[in-house]
Amino acid sequence: VVVPVCNEAENVEPLARVGVGVDYTPVPRLRFAGRGGVDAYDWADFAYRPQYRSGVRMIPAYSFRHELLSRRFGTERRLLTTTTAPFLFRSLLTDFFASGSDFLVSYFHSDEITGGVGGWRERLYSYENLVTNIARLRSWAERGHYDLRFVTISELADVLFDERHRRYA
């Protein structure tokens, strides 16, 4: 079972008890108190590598530094979904390709491609952005001679947690 629901590192045990095997919500070094307790999360102590916690395979999403977004949201690093406006997602890709990281975990919420997010978010997220961002990712990966594969989070977990090539904590 793959469920992206865990918003804090210490909340993993309940997920394991109900059969969650993979979680890809950890965003290393990200902490947000939320607004009135809503949408709060704390991944400040999570490492930039896959980890087992309470029997759950934890895969970190990619985050990056962005001065404007850091000031706006009060966090050092930001996570962007794949449907984010291309001028912002380009910054994430630039950071990712410069980082030497082995994998990029990015995702989106279904309402971001159906126009159901409302308000200012309608200008930030869209299906058109998803198409543009994927095309840019493909182009940059090809230019940098990267092996680009789109996989499910379960497939990525199988690769990252392969006991024959153990590279996790």
Side-chain angles (χ1 to χ4, degrees), residues 1-12 15-16 20-32 39-66 69-70 73 75-86 88-113 117 124-127 129-142 144-163 165-169:
V1 177
V2 178
V3 181
V5 296
C6 190
N7 287 325
E8 293 186 26
E10 63 270 9
N11 290 339
V12 177
L15 295 178
V20 173
V22 181
D23 180 22
Y24 60 93
T25 58
V27 185
R29 298 178 57 192
L30 218 58
R31 175 184 295 146
F32 180 59
D39 293 331
Y41 50 82
D42 185 359
W43 292 107
D45 297 330
F46 198 87
Y48 287 101
R49 65 186 184 286
Q51 301 174 38
Y52 269 120
R53 291 200 177 174
S54 301
V56 177
R57 296 179 291 176
M58 309 289 288
I59 300 174
Y62 193 79
S63 66
F64 74 114
R65 286 189 171 97
H66 190 281
L69 293 174
S70 294
F73 292 99
T75 61
E76 176 187 349
R77 300 181 69 83
R78 288 302 307 157
L79 162 86
L80 297 178
T81 61
T82 320
T83 58
T84 301
L88 291 171
F89 201 75
R90 180 178 54 236
S91 298
L92 179 142
L93 289 178
T94 299
D95 187 82
F96 169 74
F97 281 105
S99 76
S101 187
D102 292 336
F103 61 93
L104 170 67
V105 173
S106 183
Y107 54 86
F108 60 90
H109 304 103
S110 59
D111 61 346
E112 294 173 359
I113 61 172
V117 292
L124 185 60
Y125 306 113
S126 73
Y127 176 78
N129 292 348
L130 174 66
V131 171
T132 300
N133 291 335
I134 295 285
R136 178 172 283 133
L137 174 59
R138 286 181 187 278
S139 172
W140 289 14
E142 183 178 314
H145 305 289
Y146 286 87
D147 178 23
L148 180 63
R149 290 183 293 155
F150 294 90
V151 297
T152 66
I153 203 67
S154 294
E155 292 168 330
L156 179 60
D158 289 343
V159 170
L160 294 175
F161 290 89
D162 182 344
E163 292 297 327
H165 303 96
R166 189 170 182 186
R167 299 183 343 185
Y168 56 88

Requested in this report: Return the minimal non-hydrogen interatomic distance between Trp140 and Leu93, and the atom names on each side.
Outcome: CZ3-CB, 3.5 Å
Query - Minimum-distance pair of heavy atoms, taken over all atoms of Ser54 and Ala16 - result: O-CB, 3.1 Å
Query raised in the report: Just by distance, do the side chain of Ser139 and the backbone of Arg136 share a donor-acceptor pair under 3.5 Å?
Result: no
**Report entry** The single option from Val131, Thr132, Leu130 passing side-chain contact (heavy atoms from CB on, under 4.5 Å) against Ile134
**Finding:** Leu130
Requested in this report: Return the minimal non-hydrogen interatomic distance between Arg57 and Tyr52, and the atom names on each side.
Outcome: CG-CE2, 3.1 Å
Report summary line: What one should report as the nearest heavy-atom pair of Asn133 and Pro86 is OD1-CA, 3.3 Å
Report summary line: Test side-chain contact (heavy atoms from CB on, under 4.5 Å), reference Val22, set Leu156, Leu160, Ile59, Val56, output is Ile59
Query raised in the report: How many angstroms lie between atom CG of Leu80 and atom CG of Asn129, to the nearest 0.5 angstrom?
Result: 11.0 Å
**Report entry** Phe97 side chain near Leu137 side chain, heavy-atom distance below 4.5 Å
**Finding:** yes
Query raised in the report: Thr82 and Ser106: which non-hydrogen atoms are nearest, and at how many Å?
Result: OG1-OG, 2.6 Å
Query raised in the report: Just wondering, do Thr84 and Leu124 contact through their side chains at under 4.5 Å, heavy atoms?
Result: yes
Query raised in the report: Shortest non-hydrogen contact from Thr81 to Glu112?
Result: OG1-OE1, 2.9 Å
